Visitor: 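Sharing a structure below in structure tokens format, with a few things to ask.
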Amino acid sequence: MRLGLLRTARDTLSTRLATRTFSSAPTPPKKSILGSLLHGHSADDELELAYFDGSQSKAAARGKYVHELLVHNVKPEAYDDYQALVADYFPRLSNNPEYKMKLFGSWSTEIGKVDQVVHIWKYDHYPGYDESMALRAQDPSHQIFLKNLRKMVTSRENQMMLEFDFWYTSELQKVGGIYELRTYNLKPGRLLEWKNEWQKGIHARKKFIKPVGAWFSQIGDLHVVHHMWQYPNLAVRKEMREKAWEIEGWNKTSYNTARMQQSMHCRIMRPFEFSPMG
């Protein structure tokens, strides 16, 4: 009888100790939004990441317009016909008051992926895009354009982009020269860091050259940033970029943003004659 009581007391004590040990174990700290931004995300962050992705765009974007980056890879043998086709159709589409879209610019790639053409369209945000797409779907001239276009290209791709709130897109102008489109593929969760670094470092570049625009993707390939610059020629480009390194703070911006990238690409382009930004 006494042995049974001793066993019962021992089991009760063991249970209490195990419960106390379990309940006193430290609870893993909840990962904050700022921590996710600075250190990236784990596979368990899905709910928080869904919220955070939305807040990045809202915090970084100007919010007035949405831009479409449209890339055509043209068949070499069809390049002249392609140029004639878009030179006729795109200005007519852009100047049609029924559409809530304007052509910002059209460029041919000179260094990079040659036979590649880049167009940028500006919409009155997403309602303007939706309305314009609905009109195009009912427009016979657009159907004819697409039918001819598909014979001249090997592939097409696009992204919907937003402007950074500290870097407005340039007013349309005809200056000639070359345009550089730099594309950065960022590590997920680094967009706001990128914005904050460039917001400080852009002053070094603006001392020597006026930027054309900067956007980040919101639909299509994600975590992508595009910067566009205009130079008279490659020699001036080299000179202006080297002068930026003489400005205090630019080397820090370059170093910090390089660590946020997964890859980057640069293309040198020339505007078509019909391009509004040319």
Side-chain angles (χ1 to χ4, degrees), residues 61-74 78-110 115-153 155-164 167-181 183 210-220 226-230 267-278:
R62 178 186 180 189
K64 187 175 182 180
Y65 302 108
V66 62
H67 288 77
E68 178 188 16
L69 177 71
L70 181 63
V71 178
H72 290 164
N73 293 297
V74 184
Y79 197 89
D80 291 342
D81 291 337
Y82 169 87
Q83 183 174 344
L85 179 70
V86 294
D88 172 65
Y89 181 69
F90 278 6
R92 287 193 289 112
L93 180 62
S94 182
N95 294 327
N96 189 333
E98 294 184 3
Y99 288 87
K100 307 301 182 183
M101 57 190 295
K102 291 291 183 182
L103 182 64
F104 177 70
S106 295
W107 301 267
S108 62
T109 302
E110 185 172 287
D115 298 320
Q116 187 176 80
V117 174
V118 174
H119 307 282
I120 296 180
W121 289 88
K122 182 177 75 173
Y123 299 88
D124 291 343
H125 225 278
Y126 286 118
Y129 174 84
D130 291 336
E131 184 177 336
S132 297
M133 293 305 102
L135 287 173
R136 287 172 65 176
Q138 304 300 321
D139 187 349
S141 65
H142 182 66
Q143 305 310 315
I144 295 173
F145 167 77
L146 282 181
K147 183 178 180 181
N148 291 325
L149 177 68
R150 291 179 179 128
K151 301 174 185 177
M152 303 176 185
V153 299
S155 64
R156 298 178 291 154
E157 60 180 303
N158 63 349
Q159 292 177 11
M160 302 309 295
M161 314 181 299
L162 299 179
E163 298 171 286
F164 281 102
W167 188 339
Y168 290 5
T169 305
S170 174
E171 295 294 327
L172 298 178
Q173 55 186 330
K174 289 281 191 177
V175 293
I178 60 173
Y179 284 75
E180 179 179 17
L181 183 62
T183 299
K210 183 179 179 181
V212 176
W215 309 269
F216 62 92
S217 63
Q218 195 176 45
I219 303 176
H226 302 280
H227 293 179
M228 182 177 282
W229 307 85
Q230 187 277 334
R267 47 166 79 85
I268 300 297
M269 312 180 299
R270 292 194 181 273
F272 286 108
E273 186 175 342
F274 66 87
S275 175
M277 176 62 73

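For clarity, every value in this text was computed on a predicted model and none was experimentally measured. Heavy-atom basis, side chains included; hydrogens, waters and symmetry copies ignored.
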Visitor: Using modelled atom types and a 3.5 Å cut-off, is there a donor and acceptor pairing between side-chain atoms of K102 and backbone atoms of D124?
Guide: no
Visitor: Please collect all salt bridge (charged side-chain N to carboxylate O under 4.0 Å, His left out) contacts where either partner lies in residues 128-146, sequence neighbours excluded, each pair once.
Guide: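 Non-adjacent pairs meeting salt bridge (charged side-chain N to carboxylate O under 4.0 Å, His left out): zero.
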Visitor: Report the residues that fulfil side-chain contact (heavy atoms from CB on, under 4.5 Å) with Q173, sequence neighbours left out, ordered by chain and then residue number.
Guide: S170, V175, M277
Visitor: To check you understand the geometry: which heavy-atom pair defines the closest contact between P276 and L103, and what is its length?
Guide: CG-O, 3.2 Å
Visitor: Where do A214 and H227 come nearest, in terms of heavy atoms and distance?
Guide: CB-CD2, 3.7 Å
Visitor: Contact between E163 and H67 at the side-chain level, heavy atoms closer than 4.5 Å - yes or no?
Guide: yes
Visitor: Within the distance-only criterion (no hydrogens, no angle test), does the side chain of S132 pair as donor or acceptor with the backbone N or O of K100 below 3.5 angstrom?
Guide: yes
Visitor: I'd like to check the side-chain contact (heavy atoms from CB on, under 4.5 Å) partners of Y129; sequence neighbours left out, ordered by chain and number.
Guide: Y123, M133, M160
Visitor: With a 6.0 Å cut-off (strictly less than), is the heavy-atom count around NZ of K147, excluding the residue itself, greater than 12?
Guide: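 Counting neighbours around NZ of K147, 12 or fewer heavy atoms of other residues, nucleotides or ligands fall under 6.0 Å, so no.
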Visitor: Where the side chain of E68 meets the backbone of N158, is there a donor-acceptor pair that is under 3.5 Å apart?
Guide: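 Answer holds: no.
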Visitor: With rounding to the nearest 0.5 angstrom, report the OG1 to CZ distance, T183 to R267.
Guide: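 If I round to the nearest 0.5 Å, the distance is 5.0 Å.
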Visitor: Quick one: closest heavy-atom pair of S275 and S106, and the distance?
Guide: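 Reported closest heavy-atom pair: OG-N, 3.0 Å.
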Visitor: Closest approach of Q159 and S217, non-hydrogen atoms and distance?
Guide: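 Closest approach of Q159 to S217: OE1-CB, 3.5 Å.
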Visitor: If you compare all heavy atoms of I120 against all heavy atoms of W215, which two are closest, and at what distance to 0.1 Å?
Guide: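 Scanning both residues completely, I find the closest heavy atoms to be CD1-CH2, 3.9 Å.
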Visitor: Nearest 0.5 Å, please: how far is CZ in F272 from CE in M269?
Guide: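 Spacing of CE (M269) from CZ (F272) equals 10.5 Å.
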Visitor: State which residues pass side-chain hydrogen bond (donor to acceptor under 3.5 Å, both in side chains) with W107; sequence neighbours excluded, sorted by chain then number.
Guide: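 For W107, no residue satisfies side-chain hydrogen bond (donor to acceptor under 3.5 Å, both in side chains) once neighbours in sequence are set aside.
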Visitor: Are the side chains of F274 and Y89 in contact, using a 4.5 Å heavy-atom criterion?
Guide: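 When only atoms from C-beta onward are counted, F274 and Y89 do not touch, as no gap falls below 4.5 Å.
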Visitor: Just to verify, what does N73 make a side-chain hydrogen bond (donor to acceptor under 3.5 Å, both in side chains) with, not counting sequence neighbours?
Guide: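 Scan of N73 (side-chain hydrogen bond (donor to acceptor under 3.5 Å, both in side chains), adjacent residues dropped) gives Q116, S155.
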Visitor: Indicate yes or no: at least one non-hydrogen side-chain atom of F145 is less than 4.5 angstrom from one of V86.
Guide: yes
Visitor: Taking all non-hydrogen atoms of both residues into account, name the closest pair between V66 and M161 and its distance.
Guide: CG2-O, 3.4 Å
Visitor: Cationic tip of K122 within the cone over Y65's six-membered ring, i.e. under 6.0 Å and within 45° of the normal?
Guide: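 Judged by the rule (NZ or CZ under 6.0 Å from the ring centre, within 45° of its axis), K122 counts as positioned above Y65.
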Visitor: According to side-chain hydrogen bond (donor to acceptor under 3.5 Å, both in side chains), who are the partners of Y82, at least two apart in sequence or on a separate chain?
Guide: H72, H119
Visitor: Among N95, D88, N96, whose side chain to side chain donor-acceptor pair (under 3.5 Å) with R92 holds?
Guide: D88
Visitor: Nearest 0.5 Å, please: how far is OG in S141 from CG in L146?
Guide: 10.0 Å
Visitor: May I have the step-by-step check of side-chain contact (heavy atoms from CB on, under 4.5 Å) for L93 and W121, ending in yes or no?
Guide: CA-CA 11 Å; L93 180 62; W121 289 88; 3.7 Å; yes
